[in-house]
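By convention in this document, chain letters (A, B, ...) are assigned in the order of the sequence lines, proteins followed by strands, and residues within each chain are numbered from 1.
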2 protein chains.
Amino acid sequence: MITEHGRAGVEGKDLRKAGLKVTLPRLKILEILEGNATRHFSAEDIYRTLLESNEDIGLATVYRVLTQFEAAGLVKRHYFEEGTAVFELHQGPHHDHIVCLDCGWVEEFVEPEIEKRQTVVAGRLGFTIRHHSLILYGHCQRANCPHRRRS
Amino acid sequence: MITEHGRAGVEGKDLRKAGLKVTLPRLKILEILEGNATRHFSAEDIYRTLLESNEDIGLATVYRVLTQFEAAGLVKRHYFEEGTAVFELHQGPHHDHIVCLDCGWVEEFVEPEIEKRQTVVAGRLGFTIRHHSLILYGHCQRANCPHRRRS
DNA sequence: CTAGTTGCAAATCATTTGCACTTGC
DNA sequence: GCAAGTGCAAATGATTTGCAACTAG
């Protein structure tokens with residue numbers, strides 16, 4: 001169950017393990033989340049992709065499934081600055097994100113020193129960290145990125 | 001114009017400087033934002049406080065004013081995980097936040113090494129950073145914090 | 001069989017907008 | 001006086017929920 005991307009794929013058995021029935025909508029949504037180029041989707045993104053594949057799955061189901069996946073730990077939900085939640089398959093180690101303000105492209109990264117310092121800071125302030133959200137916003141250099149100006 | 005908190009207060013002249021008329025709603029909202037204990041508010045928080053002070057100011061105005069303040073650089077808008085935006089007077093140097101999952105208490109902190117590493121990471125990935133959002137979520141140790149259990 | 005799922009429409013929540021009525025300068 | 005500002009109600013956009021019909025196990 002190692003996919004061609006070198007990532008462990010998620011499938012039926014994982015759903016069952018999470019106490020969820022293996023249904024077509026769930027499998028299709030998982031399939032999309034496994035994504036090729038992109039690994040970060042809004043509910044709307046997924047819904048649109050399903051429509052394009054001529055799947056008859058409602059937007060409400062997409063939301064319900066994603067929320068259940070999140071509860072089961074299969075998916076992570078992020079709140080980037082565009083106001084709509086973004087979902088990502090929760091596999092591999094923890095990482096943070098950098099988002100391109102021009103084209104929406106998302107890169108993942110890990111910086112151990114940053115992680116470490118977060119714990120130190122929290123301790124200094126008398127907090128016990130449960131999780132965190134670090135998102136960098138900037139401009140990427142991808143060829144197809146439209147360098148739109150924004151203030 | 002140094003307040004008793006040792007922070008430079010924002011007042012009428014700052015509004016004018018931003019090209020905004022000095023009106024009662026704007027002054028009242030500024031006053032709330034200057035806050036004592038708390039410095040982070042949702043639009044609803046501010047609206048509620050206004051009602052308690054028997055001010056006849058609509059929620060729509062609160063949103064409009066906060067958005068204008070943000071555009072003028074007087075206020076910063078944050079997206080914490082509760083789905084509603086949080087506003088903070090934009091004074092003093094940049095800082096990040098740590099939020100208590102139990103009581104919603106917000107602390108600010110600065111960690112130069114983290115800031116520095118962010119720039120390095122961005123460079124490594126070919127991004128130019130415009131801004132970032134680092135929020136730690138955990139449990140504080142304040143006496144009045146209700147240590148509610150969550151998963 | 002039957003509890004868990006789904007699609008659809010209606011409901012909710014946060015935030016924005018249209019409009020006629022004020023008010024600062 | 002008049003453009004800018006405001007209150008209220010209605011509109012919007014994202015997400016959730018009620019419910020009757022439908023399937024996985």
note: A/R16, atom CZ; C/dT5, atom P; distance rounded to Å ~ 12 Å

By a strict heavy-atom criterion of less than 4.0 Å, which residues belonging to residues 42-53 of chain B are in contact with DNA chain C?
none

B/L24 or A/L24: which one's nearest nucleotide on DNA chain C is closer to the 5' end?
A/L24

Among C/dT6, D/dT6, C/dT15, find the nucleotide with the atom closest to the side chain of B/A85.
C/dT15

Ring centroids only, cut at 6.0 angstrom: are A/F80 and A/H97 within range, meaning strictly under it?
yes

Between the axis at one end of the helix from C/dC1-D/dG25 to C/dC25-D/dG1 and the axis at the other (five pairs apiece), what's the angle to 10 degrees?
30°

Does any non-hydrogen side-chain atom of A/L33 lie less than 4.5 Å from one of A/F41?
yes

Round to the nearest Å and state the distance from B/L15 atom CG to D/dA4 atom C1'.
13 Å

Which nucleotide sits closest to the side chain of A/T23: C/dT5, D/dA9, D/dG5?
C/dT5

Does atom NE2 (A/H90) have a neighbourhood of more than 12 heavy atoms from anything else shown, all under 6.0 Å?
no

Could you state the interatomic distance from CD (B/E88) to CD (B/Q91), rounded to the nearest 0.5 Å?
8.5 Å

Among residues at least two apart in sequence or on other chains, which ones pass side chain to side chain contact (heavy atoms under 4.5 Å, CB included) with B/R26?
B/L15, B/L20, B/K21, B/T23, B/V65, B/Q68, B/F69

Comparing B/L59 with B/L20, nearest DNA chain C nucleotide closer to 5' gives the residue B/L59

Any A/Y63 side-chain N or O less than 4.0 Å from OP1/OP2 of D/dT15
yes

Measure from the side chain of B/K21, starting at C-beta and using heavy atoms only, and say which of D/dT6, D/dT16, C/dT23 lies closest.
C/dT23

Among D/dC8, D/dT16, C/dT5, which is the nearest nucleotide to the side chain of B/D56?
D/dC8

With no hydrogens and no angle check, just 3.5 Å: does a side-chain donor-acceptor pair link A/D45 and A/H40?
no

Starting at CD of B/Q68 and ending at C1' of C/dT15, how long is that distance when rounded to a whole Å?
14 Å

Rounded to whole Å, the CD1-C1' distance (A/I29 to C/dG7) equals 13 Å

First locate atom CD of A/E34, then atom CD1 of A/I29, and finally report the distance between them rounded to the nearest 0.5 Å.
13.0 Å

Against the side chain of B/R26, the closest entry in D/dG5, D/dG25, D/dG7 is D/dG5

Counting C-beta onward and ignoring hydrogens, is there a side-chain heavy-atom pair between B/L136 and B/V99 closer than 4.5 Å?
no

Close aromatic pair by centroid cut-off 6.0 Å: A/H94 and A/H131
no

So, under a plain 3.5 Å distance rule, would you say the side chain of A/R64 forms a donor-acceptor pair with the base of C/dG7?
yes

Side-chain donor/acceptor of A/H78 to backbone N/O of A/K76, under 3.5 Å:
no

Which is true for B/I57 with a 4.0 Å heavy-atom rule: it touches a base, it touches only sugar-phosphate, or it touches nothing?
sugar-phosphate

Pick base, sugar-phosphate or nothing for A/R77, based on heavy-atom distances below 4.0 Å to the nucleic acid.
nothing

